[in-house]
**Q** 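Provided herewith is a single structure, encoded as structure tokens, for subsequent inquiry.
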Amino acid sequence: MSSDNTILRTVVDLGDRSYEVCTGEGILGQVGYMMRQHNLNGTVAVISNPAVLDLYHDEVASSLDDHGLRSVFLSIREGETHKNLDTVRHLYEELLENSIERGDSIIALGGGQTGDIAGFVAATLLRGFDFVQDPTTVLAQVDAAIGGKVGVNLPLGKNLVGAFYQPRFVLSDVATLMSLPEREFRSGIAEIIKYACIRDREFFVYLEENLESLLARESRTMLHAISVSCGIKAEVVGQDELELTGVRSILNFGHTIGHAIESLTGYRRFLHGEAVAAGMVAAGHMGTAVTGFPGEELDRLVALERVADFSFDLGDLSPDDILDRVRFDKKVEGGRVRYVLPRRLGEVIPRTTVPEPVVHDALDYVWALT
Ligand code: GLY
């Protein structure tokens with residue numbers, strides 16, 4: 001990671017497809033300049049959603065205009081239920097109606113779902129457009145916008161249609177996080193805790209000491225936590241872009257149980273990070289039985305999550321519901337569901353098979369925390 005006065009830069013090292021993740025405060029208005037710097041000179045289609053456009057349309061439009069770039073703004077509906085092929089088809093049609101051609105580019109301006117859909121459109125329409133990510137949520141800034149996973153859901157499951165399609169650059173303005181609803185901001189913190197758990201013990205200690213400041217959205221803390229997280233994501237993606245060796249799968253720490261919680265509740269009751277927070281604790285408990293993860297480190301993870309106000313209250317869901325769902329997901333995904341388990345804070349073991357009674361005990365433990 002390098003920095004100048006305003007921008008922290010992290011390189012995702014993928015040979016001739018390498019790119020920078022630029023994180024700063026108040027840098028969204030530099031998007032036009034950065035497009036030009038990357039030789040993106042044609043029309044720019046900005047795919048976003050109504051709430052984000054209300055806040056940032058004018059700033060992005062004038063930055064593109066100031067740099068002589070024609071822009072077209074397209075709005076899609078928010079939410080996991082709209083992340084589907086119908087939305088993709090509408091976007092294809094709107095882009096073509098707006099005379100978007102090869103050589104033009106697409107910006108995703110918004111959260112993770114916007115980036116996933118816009119990226120999939122960029123990867124597939126007319127065999128591919130240059131693509132830029134301008135994430136405006138914590139979750140998107142530290143995870144979804146980096147690493148090139150794009151795609152949409154099918155009725156049978158999440159992200160079943162997609163591609164690996166890397167952006168030309170990522171521009172993350174932490175000032176955009178100030179307008180996030182409290183619950184959504186907190187939910188993104190779960191992914192930041194995830195990075196500390198999987199790769200960086202020192203960062204875990206930093207979070208123990210600074211989580212309150214992060215929750216208060218103090219700029220210095222946000223910039224540090226987000227750029228460290230981006231650095232870890234970039235390093236992992238650089239080692240295993242296509243998720244072939246198991247390295248990239250460590251990013252799924254907490255996600256097996258987390259996805260089961262989300263899908264059982266129709267992606268409506270819990271935000272992604274809330275479900276992942278419970279999933280990380282469950283994986284931590286499995287770790288105490290399978291990898292020798294120390295019990296006192298599990299206690300530290302639970303304590304940190306409690307500071308972030310994750311409640312572990314999973315309502316009327318039961319451990320058996322979760323186990324049934326995990327078995328179902330495993331079938332849909334071709335029998336490949338394994339767990340990422342911690343060995344110690346800052347180190348995980350990917351692709352671990354866990355006996356069902358151990359999973360059940362872990363779920364009982366999470367339920368008992370409420
Ligand atoms: N969000 C997990 C990954 O990018 O692999």
Side-chain angles (χ1 to χ4, degrees), residues 10-14 17-19 21 23 80 83 108 110-120 122-123 131 133 135 137-153 157-167 169-170 172 184 187-200 225-263 267 270-277 279-280 283 329 333 336-342 348-352:
T10 302
V11 175
V12 184
D13 187 359
L14 296 170
R17 286 168 300 103
S18 296
Y19 57 95
V21 180
T23 308
E80 208 59 52
K83 196 177 118 174
Q113 290 147 3
T114 300
D116 284 2
I117 298 168
F120 185 68
F131 173 50
Q133 290 268 20
T137 64
V138 180
L139 180 62
Q141 291 190 355
V142 299
D143 185 20
I146 307 166
K149 277 190 182 174
V150 296
V152 294
N153 304 330
K158 244 182 118 173
N159 297 324
L160 291 180
V161 178
F164 288 96
Y165 194 67
Q166 302 294 344
F169 66 92
V170 180
S172 287
E184 192 173 343
S187 165
I189 302 296
E191 294 285 346
I192 292 177
I193 295 174
K194 177 193 83 177
Y195 287 114
C197 291
I198 63 174
R199 267 290 161 96
D200 194 335
I226 288 171
S227 59
V228 171
S229 301
C230 290
I232 296 171
K233 173 101 193 215
E235 187 204 332
V236 168
V237 169
Q239 287 174 17
D240 182 21
E241 180 188 9
L242 304 180
E243 205 162 349
L244 295 174
T245 65
V247 174
R248 186 164 180 160
S249 69
I250 69 174
L251 299 171
N252 294 333
F253 175 53
H255 283 58
T256 306
I257 299 296
H259 282 154
I261 293 169
E262 283 184 284
S263 61
Y267 299 95
F270 301 102
L271 298 181
H272 178 68
E274 294 167 342
V276 167
M280 289 192 290
D329 287 346
E333 290 170 29
R336 283 183 287 108
V337 175
R338 305 253 174 86
Y339 293 91
V340 179
L341 300 187
V348 287
I349 303 176
R351 296 175 166 173
T352 312

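Each ligand, and each atom within it, is numbered from 1 in the order the structure gives.
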**Q** Phe169: which residues meet the ring pair (Phe, Tyr, Trp, His ring centres under 6.0 Å) condition with it, sequence neighbours left out?
**A**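 Listed in chain order: His38.
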**Q** Do His255 and Glu262 pair up side chain to side chain, a donor and an acceptor below 3.5 Å, judged on atom types alone?
**A**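 No pair is found: no donor N or O on one side chain lies under 3.5 Å from an acceptor on the other.
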**Q** Working to the nearest 0.5 Å, report the span between CZ of Phe270 and CD1 of Ile261.
**A**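 Answer rounded to 0.5 Å: 7.0 Å.
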**Q** Residues two or more places apart in sequence or in another chain: which of them pass side chain to side chain donor-acceptor pair (under 3.5 Å) with Lys233?
**A**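 Lys233 satisfies side chain to side chain donor-acceptor pair (under 3.5 Å) with Asp143 only.
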**Q** Restricting to side chain to side chain donor-acceptor pair (under 3.5 Å), what partner residues turn up for Tyr165, sequence neighbours left out?
**A** none
**Q** Give every pair made of an N or O atom of ligand 1 and a protein N or O atom lying under 3.5 Å apart, one pair per line with both atom names and the distance to 0.1 Å, or write 'none'.
**A**
from	atom 1	to	atom 2	distance (Å)
ligand 1	1 (N)	Asp143	OD1	3.0
ligand 1	1 (N)	Asp143	OD2	3.2
ligand 1	4 (O)	Lys233	NZ	2.5
ligand 1	4 (O)	Arg248	NH2	2.8
ligand 1	5 (O)	Lys149	NZ	2.9
ligand 1	5 (O)	Arg248	NE	2.7
ligand 1	5 (O)	Arg248	NH2	3.3

**Q** Are the side chain of Glu274 and the backbone of Ser187 linked by a donor-acceptor contact shorter than 3.5 Å?
**A** no
